[in-house]
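Position 1 is the first residue of the sequence; numbering continues from there. Note: hydrogens, waters and symmetry copies are ignored here, and every other heavy atom, side chains too, is used. As the structure is a prediction and not an experimental result, all values here were calculated from the model.
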Amino acid sequence: MDSIVSGVGVIDKSFAIIDLVAGSPRALSEIAAATGITRATTHRLLMALELHGMVRRVGDGRFALGYRVLALAQQIDGLGPLADAARPHLLRLTRDVGESAQLYVRDGDERVCVATAESGHGLRTIVPVGSRLTLERGSAAAVLSGRSEPGEIAVSVAEREPGVASVSAAVLDAAGGVVAALSVSGPVDRMGVDPGSRFGPVVLREAIALGADYASMATTSTLSVAPVGA
């Protein structure tokens with residue numbers, strides 16, 4: 001199993017377990033086998049992680065990601081208010097465009113998906129919340145890296161992943177700083193080779209509306225997402 005190694009063994013092993021059960025619930029024996037950690041150590045770490053709410057047991061006794069992760073995520077630099085404000089806009093995008101919608105923020109040299117709404121198509125783009133993607137390719141990457149100007153539409157066709165197209169626009173705070181990228185993505189076969197002309201106005205509309213909603217919410221909160229480049 002690929003995992004970041006910090007050199008602090010108990011931390012590395014704990015996060016190897018968390019990363020594994022985040023994908024799907026796993027039994028103790030599965031976790032030990034997949035991580036290469038001894039069964040005894042795996043059991044000890046799972047008990048500690050469960051106590052702290054980072055993992056939980058589902059009905060059949062397997063271990064899954066704990067609900068404390070959600071509570072912690074809401075405290076990251078204003079992401080709670082931002083995600084709350086984004087939900088209706090993501091749902092409207094999915095309804096109006098017919099494809100999956102995502103909200104990304106920048107974290108260093110990567111972008112992170114912090115909210116999403118999936119389309120009802122059997123073949124659709126799925127970007128799980130928490131996914132970390134490159135800033136080098138993709139329409140959301142162009143927005144968050146500054147290659148696309150605020151108020152413009154960024155378009156990607158088979159750039160990050162073959163057969164996938166996306167359209168993104170910047171979400172701005174009250175000061176005009178870019179705090180997120182709002183996107184729709186789906187198969188090129190449905191979105192076409194020029195998705196910007198078809199879906200750009202809808203994406204831009206919702207990005208502008210989300211920015212206004214977020215700015216309104218931020219006035220009643222001490223939290224704020226750092227603008228890109230801040």
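Between I17 and I37 there is a side-chain heavy-atom pair separated by less than 4.5 Å. For the pair K13/V10, no side-chain contact is recorded, criterion being any heavy-atom separation below 4.5 Å from C-beta on. Taking the side chain as every heavy atom from C-beta outward, M47 and E50 approach each other to under 4.5 Å. A 4.5 Å side-chain heavy-atom check between V127 and S100 finds every atom pair outside the cut-off.
Tracing side-chain contacts under 4.5 Å through hydrophobic residues (I, L, V, M, F, W, Y), one never reaches I11 starting from L51; they form parts of separate clusters. Following chains of ILVMFWY side-chain contacts shorter than 4.5 Å, one cannot reach L65 starting from V58, and the two form parts of different hydrophobic clusters. Linking Ile, Leu, Val, Met, Phe, Trp and Tyr whenever their side-chain heavy atoms come within less than 4.5 Å puts L28 and V21 in one cluster. Residues V155 and V164 are members of separate hydrophobic clusters, defined by side-chain heavy-atom contacts under 4.5 angstrom among Ile, Leu, Val, Met, Phe, Trp and Tyr.
Every residue meeting the side chain to side chain donor-acceptor pair (under 3.5 Å) condition with S156, not counting sequence neighbours, appears here in chain and number order: E159.
With values rounded to the nearest 0.5 angstrom, R87 atom CZ is found 14.0 Å from R92 atom CZ. Between the CZ atom in R205 and the CG atom in D96 there is a gap of 5.0 Å [rounded to 0.5 Å]. Note that OG of S168 and CD of Q102 are 8.0 Å apart. Values are rounded to the nearest 0.5 Å. Here OG of S29 is found 12.0 Å from NE2 of H43. Values are rounded to the nearest 0.5 Å. Of the inter-residue distances, the one linking S119 atom OG with L93 atom CG reads 12.5 Å to the nearest 0.5 angstrom. Atoms CD1 and OG1, from I18 and T35 in turn, are 12.0 Å apart once rounded to the nearest 0.5 Å.
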Do L182 and L90 pass the side-chain contact (heavy atoms from CB on, under 4.5 Å) test, and can you show the C-alpha distance, the side-chain angles, and the key distance before you say yes or no?
CA-CA 8 Å; L182 188 65; L90 290 165; 3.6 Å; yes
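Between S14 and L45 the shortest heavy-atom distance is OG-CD2, 3.7 Å. The minimum heavy-atom distance linking S145 with R106 is given by the pair CA-NH1, 3.8 Å. Nearest approach of L20 to I31, heavy atoms of both residues: CD2-CA, 3.6 Å. V157 and P195 make their closest contact through CG2-CD, 3.7 Å (heavy atoms, listed as atom of the first residue, atom of the second, distance). Across all their heavy atoms, T134 and A141 have their closest contact at O-CB, 3.6 Å. Taking both residues in full, the closest heavy atoms of G163 and A158 are given as N-CB, 3.9 Å, listed atom of the first, atom of the second, then distance.
V171 pairs with exactly one of V105, V178, L103 by the side chain to side chain contact (heavy atoms under 4.5 Å, CB included) rule, that one being L103.
Applying the salt bridge (charged side-chain N to carboxylate O under 4.0 Å, His left out) test to every pair with at least one member in residues 125-141, sequence neighbours left out, gives these pairs: D107-R132, E110-R132.
More than 12 heavy atoms of other residues, nucleotides or ligands lie within 6.0 Å of CG in D60, so this atom counts as buried by the packing criterion.
Distance alone, capped at 3.5 Å, places no donor-acceptor pair between the T41 side chain and the T38 backbone.
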